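We count ligands from 1, going down the list as the structure has it; atoms in each ligand are counted the same way. For clarity, every value in this text was computed on a predicted model and none was experimentally measured.
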Amino acid sequence: MDSLLIKGGVPLHGEVEISGAKNAVLPIMAATLLTSEPCTIRRVPNLSDVRFMAQILTWLGAQVKVEGDTVRVHAKKIKGAGEYDLIRKMRGSICIMGPLLGRLKKATVSLPGGCVIGARPINLHLKGFESLGAKVTIEGGYVHASARRLIGSSMFLGGRSGSTVLGTANVLMAATLAEGVTLIESAACEPEVVDLASFLNAMGARISGAGSPTITITGVKELHGAEHEVIPDRIEAATYAIAAAVTNGQVTLRGARADHMHAILDKLNDSGVKVDRTGPDIIIRRNGRLKPVDITTLPYSGFPTDAQAQMMALMALTPGISIITERIFESRFMHVSELARLGADIEIEGPSAIVKGGKPLSGAPVMASDLRASAALVLAGLAARGTTQVNRVYHIDRGYEKIDVKLRQLGARIERIEES
Ligand code: EPU
């Protein structure tokens with residue numbers, strides 16, 4: 001298993017190109033299953049999760065070709081049922097269920113389990129499918145959904161933590177080929193859902209209201225092939241912004257979308273980080289002393305849970321007390337004990353982490369537990385004195401394209417140690 005070796009204490013300077021968004025491209029790749037015509041997706045990040053989704057599509061019978069950051073998928077004939085053990089490896093692959101149900105009127109996938117960031121139920125996905133008239137059964141670890149016809153309906157997809165991103169995506173995709181009109185209330189408003197809806201509309205779907213809590217889908221008989229460019233990854237951009245802040249440097253985020261990052265940029269600004277927007281670029285630099293801030297993670301447009309761990313690394317370096325309250329996933333604090341190895345002083349109280357920041361961090365070997373936790377450890381390592389070794393970086397390769405290369409281009413002393 002590869003690891004990253006970081007010699008900290010170097011302020012980062014320069015420009016970093018932001019890749020396409022992981023959480024947009026996964027459902028968009030799944031959506032290509034809705035048509036028998038070829039689709040082209042551009043600005044696809046080279047990530048292990050993307051390669052994995054490509055494997056699933058191939059397994060289902062689609063032809064997948066990757067040329068640089070362009071992926072072409074042709075799902076001329078596909079199968080809708082089988083042993084998708086692959087699904088268990090990547091939770092995001094649950095979003096093939098909506099397209100399979102929409103196109104073939106049947107889908108079987110292995111039930112995804114929980115993961116280190118908490119329970120990951122799919123009850124809202126299934127509620128949506130049932131509302132469209134599908135019969136859903138769970139048997140032997142598999143979830144089966146089937147329908148003779150899918151019929152549009154009104155449904156409320158809010159759960160205990162608010163909306164669901166992949167649940168909204170799944171139901172949205174199935175409903176494009178349902179008969180009549182579907183109304184999703186309490187739909188997720190994330191930019192990744194909007195990006196999926198614009199791809200589906202380019203395929204001939206009739207969707208309005210994406211980006212608001214009410215999405216209306218007027219079903220069509222079939223969808224056709226389309227071309228689409230994926231939005232930039234707002235979480236990757238946030239991570240490099242925080243990298244500039246923790247190292248007291250200056251970094252230009254090239255091609256990022258500030259309009260997708262209001263909550264993050266606002267909190268960075270409150271933390272004493274200067275944010276300048278010039279056209280499609282965002283320039284991030286420290287603006288004197290860091291200031292403590294409090295954060296509560298919420299569905300979009302609130303502060304994203306996917307940037308919480310990285311923000312904690314910044315708080316650990318900020319003199320004073322900062323508080324993070326995690327409202328989306330109940331156990332997304334796995335990074336706390338690893339940050340403590342670097343000298344951070346953080347206490348967990350229920351859904352909140354109390355960060356007593358300002359103590360100098362010093363390098364140590366640490367273990368990545370999930371994607372964003374690993375990013376937080378890399379950020380802390382960049383700011384720490386001495387050497388930090390982040391083990392199990394396969395987690396980070398799921399969601400960050402060439403993170404070591406990009407950080408090196410900004411001046412970081414970071415090396416990948418490959419192990420066979
Ligand atoms: N929930 C339910 N029932 C459901 C679905 C979700 O109760 O049927 C709950 C979850 O337990 C959680 C909340 O609703 O408390 C929100 O979960 P959501 O369904 O929105 O998460 P997701 O769609 O499975 C996506 C991203 C995650 C990101 C979350 C929240 C992808 C592939 N994954 O997951 O990304 O944290 O939305 O924004 O899009 C990451 O990139 O590191 C990552 C984990």
Side-chain angles (χ1 to χ4, degrees), residues 19-31 45 47-50 52-53 56 87 89-98 111-131 136 138 143 155-173 184 186-196 213 230-231 233-239 260 263-264 297-310 326-332 334-335 351 368-376 395-401:
S19 301
K22 167 181 86 79
N23 290 348
V25 78
L26 294 176
I28 286 172
M29 286 174 79
L47 302 172
S48 58
D49 269 12
V50 168
F52 206 63
M53 181 58 98
I56 293 175
I87 310 276
K89 292 199 197 152
M90 181 180 70
R91 207 190 168 281
S93 55
I94 185 68
C95 61
I96 62 167
M97 205 168 175
L111 201 59
C115 65
V116 292
I117 65 175
R120 305 285 297 267
I122 57 161
N123 59 311
L124 298 169
H125 304 229
L126 303 185
K127 178 183 175 186
F129 296 149
E130 282 177 333
S131 178
V136 176
I138 295 175
V143 45
M155 62 186 81
F156 178 78
L157 284 193
R160 66 198 156 97
S161 315
S163 52
T164 161
V165 176
L166 290 176
T168 302
N170 242 338
V171 176
L172 182 61
M173 291 189 276
I184 306 178
S186 196
C189 303
E190 270 70 3
E192 293 75 17
V193 172
V194 179
D195 206 33
L196 170 66
V230 176
I231 54 168
D233 196 311
R234 62 195 167 100
I235 305 300
E236 189 200 25
T239 305
H260 292 167
I264 296 164
T297 64
L298 290 168
Y300 193 79
S301 56
F303 193 91
T305 173
D306 292 344
Q308 174 259 105
Q310 301 88 312
E326 172 57 56
R327 291 277 178 225
I328 308 292
F329 293 112
E330 68 266 33
S331 43
R332 206 173 197 179
M334 300 295 285
H335 40 286
S369 56
D370 74 84
L371 169 57
R372 308 304 172 186
S374 332
H395 287 295
I396 213 163
D397 294 332
R398 287 188 38 222
Y400 289 90
E401 185 170 40

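At the top of the distance list for atom 23 (O) of ligand 1, counting protein heavy atoms only, stands Leu166 N, 2.7 Å. At the top of the distance list for atom 42 (O) of ligand 1, counting protein heavy atoms only, stands Arg372 NE, 2.9 Å. For atom 8 (O) of ligand 1, the nearest protein heavy atom (residue, atom name, distance) is Leu124 N, 2.7 Å. Ranking the protein heavy atoms by distance from atom 19 (O) of ligand 1 puts Thr164 OG1, 2.6 Å first.
A donor-acceptor contact shorter than 3.5 Å links the side chain of Thr168 to the backbone of Ala188. Between the side chain of Asp233 and the main chain of Ser19, no donor-acceptor pair closer than 3.5 Å is present. A donor-acceptor distance shorter than 3.5 angstrom exists from the side chain of Gln310 to the backbone of Asp306, with no hydrogens or angles considered. Checked by atom type and distance alone, the side chain of Gln308 pairs as donor or acceptor with a backbone atom of Arg332 at under 3.5 Å. Judged by distance alone, the side chain of Glu326 and the main-chain N or O of Phe329 form a donor-acceptor pair under 3.5 Å. With Asp49 contributing its side chain and Met90 its backbone, the two residues share no donor-acceptor pair below 3.5 Å. The closest donor-acceptor contact from the side chain of Ser186 to the backbone of Ser163 lies at 3.5 Å or more, if one exists at all.
Taking the side chain as every heavy atom from C-beta outward, Lys127 and Asn123 never approach each other to under 4.5 Å.
Residue contacts with ligand 1: Gly92 is placed with no nitrogen or oxygen under 3.5 Å of a nitrogen or oxygen of the ligand (distance criterion only). On a distance-only criterion, Phe329 and ligand 1 share no N/O pair closer than 3.5 Å. Between Gly167 and ligand 1, a contact under 3.5 Å exists for no N or O pair. Ligand 1 has an N or O atom lying under 3.5 Å from an N or O atom of Asp306, backbone or side chain. For Leu371, no nitrogen or oxygen atom sits less than 3.5 Å from a nitrogen or oxygen atom of ligand 1, counting backbone and side chain alike. Inclusion of Asn23 in the set of residues having an N or O under 3.5 Å from an N or O of ligand 1 is warranted.
For the pair Val230 and Asp195, the tightest heavy-atom approach, listed with the atom from each and the gap, is CA-OD2, 3.6 Å. Between Gly92 and Leu166 the shortest heavy-atom distance is CA-CD1, 3.9 Å. Counting all heavy atoms, side chain and backbone alike, Cys95 lies closest to Met173 at O-CE, 3.3 Å.
Residue Thr305 touches ligand 1 through its side chain alone, judged by heavy-atom distances below 4.0 Å. Looking at Ile328 against ligand 1, both its backbone and its side chain come within 4.0 Å, counting heavy atoms.
Taking 4.0 Å as the cut-off, Ser161 counts as a neighbour of ligand 1 on heavy-atom distance. Pro121 counts as a contact of ligand 1, since one of its heavy atoms falls under 4.0 Å from the ligand. Heavy-atom separations between Lys22 and ligand 1 include at least one value shorter than 4.0 Å. No heavy atom of Glu192 sits closer than 4.0 Å to any atom of ligand 1. The closest approach between Arg332 and ligand 1 falls below 4.0 Å for a heavy atom of the residue.
In this structure, the separation between CG on Leu371 and CG on Leu47 is 9.0 Å, given to the nearest 0.5 Å.
The ligand atoms of ligand 1 that sit less than 4.0 angstrom from a heavy atom of Arg120 are 22 (P), 24 (O), 34 (O). Listed by number with element, the atoms of ligand 1 under 4.0 Å from a non-hydrogen atom of His125 are 8 (O). Of all atoms in ligand 1, numbered sequentially from 1 with element shown, those under 4.0 Å from a heavy atom of Ile122 are 4 (C), 8 (O).
Salt bridge Lys22/Glu192: absent, no basic N to carboxylate O contact under 4.0 Å.
Atom 2 (C) of ligand 1 is approached by the protein to below 4.0 angstrom, counting heavy atoms only.
Of all the listed residues (Asp370, Leu126, Val165, Asn123), Val165 holds the heavy atom that lies closest to atom 20 (O) of ligand 1.
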